[in-house]
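Note that the coordinates shown come from a computational prediction; the quantities given were computed from them, not determined experimentally. Chain identifiers are assigned alphabetically (A, B, ...) following the order of the sequence lines, protein sequences preceding nucleic acid strands; residue numbering begins at 1 within each chain.
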Number of protein chains: 2
Amino acid sequence: MRLGLLAWMTAGLLACSNAPLRGTGDLGVVIQRASGSLQIIDSTQMKAIATVQGLGDLSHASLVYSRDGRYAYVFGRDGGLTKVDLLRGAIVQRVLQAGNSIGGAISQDGKLVAAQNYSPGGVRIFNAETLELVADIPAAYGEHGQFSKVVGLADAPGQRFVWSLFDAGEIWTAELSDPQHPRVEKFKNIGKQPYDGLITPDGRYYLAGLFGEDGMALLDLWRPEQGVRRILDGYGQGREKLPVYKMPHLRGWAVAGRYAYVPAIGAHEVLIIDTETWREAGRIAVAGQPVFVIARPDGRQVWVNFAFPDNAKVEVIDVETRRIVQQLEPGKAVLHMEFTPRGEAVWISARDDNRVLVVDTANFSQRAVLPAAAPSGIFFTSRATRIGF
Amino acid sequence: MRLGLLAWMTAGLLACSNAPLRGTGDLGVVIQRASGSLQIIDSTQMKAIATVQGLGDLSHASLVYSRDGRYAYVFGRDGGLTKVDLLRGAIVQRVLQAGNSIGGAISQDGKLVAAQNYSPGGVRIFNAETLELVADIPAAYGEHGQFSKVVGLADAPGQRFVWSLFDAGEIWTAELSDPQHPRVEKFKNIGKQPYDGLITPDGRYYLAGLFGEDGMALLDLWRPEQGVRRILDGYGQGREKLPVYKMPHLRGWAVAGRYAYVPAIGAHEVLIIDTETWREAGRIAVAGQPVFVIARPDGRQVWVNFAFPDNAKVEVIDVETRRIVQQLEPGKAVLHMEFTPRGEAVWISARDDNRVLVVDTANFSQRAVLPAAAPSGIFFTSRATRIGF
């Protein structure tokens, strides 16, 4: 009898495993790139609740979330795809899916995780539950069986993914309502060396930045039959070319109201694009070569960080006046910024200061400082509810 | 020794209380108005996971979520404010905060819950953790000490709330960074009988619908010093007035790209407003008097339900062509529709059929049917991450 009770209680305890019952809506992850680990953070208490080790090479790592907000799918540079349980603070599953990978996306219904790979060049699609390979879409191009590096992978409505082929100068879309049989559409000759892409917050427009040409490529996913259009052609003409210290990240491109704010490559400028005409609507001089240009969730401010040697600075643009209203120096080597879902705070990683700062976006005061080992990307679970994150 | 072990295990079990560990990002609530109860639903499995009783009068009930997605704050018609734990499927706290209440909102930082009351007319603000009263803002107006019914309460960036006074024809804003001392600003003579309000998804514009006049009132929260402006003045002129069977809900107003889609009062029409000029940009004839007009999260479709006698129908507008592309008859007395966060499905309550339907928004097929007792409002936890929900 007493043994029966003990067995029952043991089963109960194993089922609950000591992880506390809690909501996942205010959780997030900070990548600690140097140590292949990550911190799980609570944006309400403004503190770390767990550290998870053993994620491999996390330089340039990014992640997406399961639709319940419990699991992070972390894409490592070494081709590792790791599923992490935020509630237990533990790795659930890890596969080495490629030799060199650069990020990924999760499908609209949350059932498929896609990884974009440099080598072998292509996109691999996995069951989000088990991480079993569901589909493999090599980025073959040309007549000699080459494979292109894949960049700029994004999810789109209608159970689609969109990505760019760096070496081939192509944009591909794939519809995966039947995951075993992806329906792939290819857009060729979109421009030289697309280096990253983004999708607008409504999931309608896909833009690829071009490194090999002066301009960008635009695909209207509501009207794919119209093909890819060149925009901002020659936007850098007549300007002295500077060495590019770090490629800007396009996924962070900011759309605030009708205008998109994008980093100019190799210039100390943020470009403003009118998303109705897709023409340049202005430029804002900033303190360095912009890396991330991100809108506060209400679109009233745009925050910018910079490449070396200006990577200790952060500037805040007021969207209405298009002026810099604040310059911060939050720490050495600012790598990333992430807003809380409704924008009252922004979390900033300062890699070389080994800390993460929480800054109030209304008055720019510092609300918290968290120790972190060489922190890079910061990602909140609210990304699970957004298109293109 | 054995007793010590037993005590330890008992403590462990109490701490975990048998509720399963799970993410909250795909949870939601269906209000069962006739029985004062609610169902907690899982939008991934498409099933109910718990029923919670004892919430009082839930006719016209609505709710908001804590920033971690674990708790729902349910506003009942009887003035009851009930905090429900979605993970345990249980009521945590319940206060009768007014005699007659019509909904509420949660502050940007998640720390304050505001209830809008008909009697006593005003707004009461509670600590989201404890439900203790933090501030009471009676809707006093005129020279004789009257109190107005409060409608159209919404959260806004900058730790603000905005609401309308039905009897007074006023819009008030309150800034609550010091919750004990709300900074209230009043806008008078905004028009007769504002009956509901909404805030645009970016939190910039507050619009109040007017029942006593032909038009709407618009407040630019970035430029409050410019005061309230009348828009769509006389939009119903020259049209035969129909009896209004049910007041439309404005919180569901759809903003898709540059255009807002709003229900016309007492007419079989959806109005299109250009949010750059705030002028009418078109009208779409629909099957009845619209109640909810809601955009799919990607803004490509707008879904409409109707007042009696057309409340068995739902129509889908294609935003690009502005045409009805689908008419559904999902059941008797369709009261509400809620999209999953990334829009692949919509959940529809059919009160008089005692069921909730899950419909695929790509092909309009029925993906699931859930039994529910006289269901009305459906609310997913992703609302916690949005402005104005």
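When each of B:R70, B:Q108, B:R296, B:E320 is checked for heavy-atom pairs under 4.5 Å with chain A, B:Q108 comes out on top. Note: A:D155 leads A:T361, A:D155, A:D85 in heavy-atom pairs under 4.5 Å with chain B. With chain A as the partner, the residue from B:D298, B:T200, B:T381, B:D202 showing the most heavy-atom pairs under 4.5 Å is B:D298. If you tally non-hydrogen atom pairs under 4.5 Å between each of B:P201, B:P157, B:G69 and chain A, the highest count goes to B:P157.
Within a 6.0 Å radius of CZ in B:R367, other residues, nucleotides and ligands contribute more than 12 heavy atoms. Summarising the local packing, CD of B:E129 is surrounded by 12 or fewer heavy atoms from other residues, nucleotides or ligands at distances under 6.0 Å.
Neither the backbone nor the side chain of A:R383 comes within contact range of chain B, judged by heavy atoms closer than 4.5 Å. For a residue to count as touching a neighbouring chain, one of its non-hydrogen atoms must lie under 4.5 Å from one of that chain's; by this rule A:Q159 does not touch chain B. Of the atoms belonging to A:I106, heavy atoms from both backbone and side chain fall under 4.5 Å from chain B. With a 4.5 Å cut-off on non-hydrogen atoms, A:A362 does not touch chain B at all. For chain B, the nearby part of A:R204 is the side chain; its heavy atoms alone come within less than 4.5 Å. Using a 4.5 Å cut-off between heavy atoms, A:T44 contacts chain B through both its backbone and its side chain. Both the backbone and the side chain of A:S43 come within contact range of chain B, judged by heavy atoms closer than 4.5 Å.
Taking each heavy atom of B:L21 and A:A19 in turn, the nearest pair found is CD2-CB, 3.5 Å. The two residues B:L221 and A:R300 have their closest heavy-atom pair at O-NH1, 4.5 Å.
No side-chain heavy atom of A:R22 sits less than 4.5 Å from a side-chain heavy atom of B:L87.
The backbone N or O of B:T385 sits nowhere less than 3.5 Å from a side-chain atom of A:S382 that would complete a donor-acceptor pair.
Atoms OG1 and CG, on B:T24 and A:D68 in that order, are 8.5 Å from each other to the nearest 0.5 Å. Once rounded to the nearest 0.5 Å, the distance linking OG1 of B:T275 with CZ of A:R258 reads 10.0 Å.
With sequence neighbours left out, the side chain to side chain donor-acceptor pair (under 3.5 Å) criterion links B:R279 to no other residue.
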Item checked: side-chain contact (heavy atoms from CB on, under 4.5 Å) between A:R342 and B:R386, worked out -> CA-CA 6 Å; A:R342 288 162 72 194; B:R386 312 275 200 233; 5.9 Å; no
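Every pair tested for salt bridge (charged side-chain N to carboxylate O under 4.0 Å, His left out) that includes a residue from residues 105-114 of chain B fails, sequence neighbours excluded, so the list is empty.
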